[in-house]
Amino acid sequence: MRIDILTIFPDMFPCVLDASIIGRAQDKGLVDIRVWNLRDWTTDKHKTTDDTPYGGGGGMVMKPEPIFAAVEDIRGEEDAPVILLTPQGRLFTQAMAEELAQQERLIFICGRYEGVDERVREHLVTDEISIGDYVLSGGELAAMVIVDAVVRLLPGALGYERAAAEDSHATGLLEGPHYTRPPIFRGWKVPEVLRSGHHAKVAAWRRKQALKRTLERRPDLLARAPLSEQDKQWLREMGYQGPFKNDSETE
Ligand code: 6GU
């Protein structure tokens, strides 16, 4: 996969992209991530990327010319999704990360200031994404969040391949608790079943804990999660009274 990121703050990226799983995925050749400075596509002496809004009012607007020129250069003859990071975009989810992970190429434009000239949205961008209902100073952090969520889904990116499939949200549920050694820490014991070596019992316990945690913290997820009849029975026993997804919609 190839990922291009267009920004006026390229220095924000290396630390995040070169560390941990994303760094390793790049070293393994699973992803080629290139960060581009939008100022390199300006044509004036001051390398201007923004200007005052027509109609007046406060703030600045990102100019269209450098963004179009950069994306057209970077994209070349290939077709690639061009994603604008903006608080007005579609709310980013694990399902969207899974879709983006299927693409050969992704191009991200990091919005800044009050926004970008509307012609960029109308005639260049194919998708607009937000990472949550709060305002960031620019799309850079959002781009890093999305790149992280996508790259860890690429086959070979995680040491332990099943891990991604079992993550919180990948199953539509939150993950239950995890424990490691020591078996007793300050008098607090690891649940006996986890040390029993009984794989079926461990799996059932984990599933039940994931359901319990989701019910306690994010009951809204339960109505959308793919659940077995056993799951539904456990949830009813735990006091869940809300709806379940239609069985016909369950994969
Ligand atoms: Cl993608 N950009 C900005 N500026 N703020 C955000 C965001 C993006 N997502 C949530 N808040």
Side-chain angles (χ1 to χ4, degrees), residues 1-17 19-22 31 33-39 41-42 47-55 57-68 70-71 74-75 80-103 105-154 167-170 174 217-218 220-221 224:
M1 170 182 257
R2 157 111 175 244
I3 300 177
D4 293 285
I5 301 169
L6 194 55
T7 171
I8 57 166
F9 293 111
D11 295 347
M12 287 178 69
F13 289 84
C15 234
V16 169
L17 299 183
S20 186
I21 297 193
I22 312 180
V31 62
I33 307 178
R34 303 189 199 180
V35 179
W36 305 94
N37 192 341
L38 182 62
R39 291 194 197 283
W41 281 271
T42 56
K47 299 186 182 287
T48 311
T49 57
D50 62 329
D51 204 342
T52 52
Y54 275 114
M60 297 292 272
V61 176
M62 291 179 84
K63 292 167 64 58
E65 307 96 308
I67 299 178
F68 272 83
V71 169
I74 292 164
R75 184 171 52 192
V82 178
I83 299 163
L84 178 66
L85 285 326
T86 162
Q88 293 140 39
R90 291 195 292 148
L91 214 46
F92 187 59
T93 61
Q94 188 66 27
M96 284 159 72
E98 284 163 17
E99 278 171 34
L100 296 180
Q102 305 298 314
Q103 302 287 331
R105 290 195 65 173
L106 295 170
I107 300 175
F108 291 102
I109 302 171
C110 302
R112 276 270 153 182
Y113 314 111
E114 303 314 301
V116 306
D117 186 283
E118 190 65 16
R119 291 164 290 190
V120 171
R121 305 190 126 94
E122 286 180 345
H123 304 294
L124 189 65
V125 159
T126 59
D127 202 359
E128 300 181 31
I129 300 181
S130 162
I131 61 163
D133 292 337
Y134 39 80
V135 179
L136 302 170
S137 309
E140 284 78 8
L141 289 168
M144 292 184 228
V145 165
I146 294 169
V147 168
D148 187 289
V150 168
V151 168
R152 65 197 306 292
L153 294 175
L154 299 178
D167 275 345
S168 287
H169 294 294
L174 303 184
R217 301 184 184 192
R218 292 293 306 279
D220 59 297
L221 297 178
R224 284 178 274 144

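Just so you know, ligand 1 is whichever comes first in the structure, and atom 1 is the first atom listed for that ligand. Being a predicted model, the structure only gives us computed values, none of them experimental.
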message = Does R112 form a side-chain contact (heavy atoms from CB on, under 4.5 Å) with M60? I'd like the steps, not just the answer.
response = CA-CA 9 Å; R112 276 270 153 182; M60 297 292 272; over 6 Å; no
request  = Mind running side-chain contact (heavy atoms from CB on, under 4.5 Å) on S137 and F9 for me, showing each step along the way?
outcome  = CA-CA 11 Å; S137 309; F9 293 111; over 6 Å; no
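Identified under the side-chain hydrogen bond (donor to acceptor under 3.5 Å, both in side chains) test for residues 89-99, with sequence neighbours left out: R90-D127.
Considering backbone and side-chain atoms together, L85 places no N or O closer than 3.5 Å to any N or O of ligand 1. Considering backbone and side-chain N/O of S137, none are found under 3.5 Å from N/O of ligand 1.
A salt bridge is defined here as a Lys NZ or Arg NE, NH1 or NH2 lying under 4.0 Å from an Asp or Glu carboxylate O, and R119 with E122 fails to meet this definition.
The nearest heavy-atom contact from the protein to atom 1 (Cl) of ligand 1 is T86 N, 3.2 Å. In this structure, atom 10 (C) of ligand 1 lies nearest to the protein heavy atom G132 O, 3.1 Å. When hydrogens are left out, the protein atom nearest atom 4 (N) of ligand 1 is L136 O, 3.1 Å; that is the closest non-hydrogen contact. When only non-hydrogen protein atoms are considered, atom 9 (N) of ligand 1 lies nearest to I131 N, 3.0 Å. The protein heavy-atom contact nearest to atom 2 (N) of ligand 1 is P87 CD, 3.5 Å. Among all protein heavy atoms, the one lying closest to atom 11 (N) of ligand 1 is Y134 O, 2.6 Å.
In this structure, the separation between OG1 on T42 and CD1 on I8 is 11.0 Å, given to the nearest 0.5 Å.
At least one heavy atom of I129 sits closer than 4.0 Å to an atom of ligand 1. Put simply, no part of G111 is less than 4.0 Å from ligand 1, judged by heavy atoms.
Contact annotation for D133 and ligand 1: no heavy atom of the residue comes within less than 4.0 Å of the ligand.
Between V82 and L124 the shortest heavy-atom distance is CB-O, 3.6 Å.
Crowding of D220 atom CG: a count of heavy atoms from other residues, nucleotides or ligands under 6.0 Å exceeding 12.
By the side chain to side chain contact (heavy atoms under 4.5 Å, CB included) test, R34 is found to be paired with R2, D4, D32, W36, residues two or more places apart in sequence or in another chain being considered.
Atom numbering of ligand 1 starts at 1 in the shown order; those under 4.0 Å from a heavy atom of S130 are 1 (Cl), 9 (N), 10 (C).
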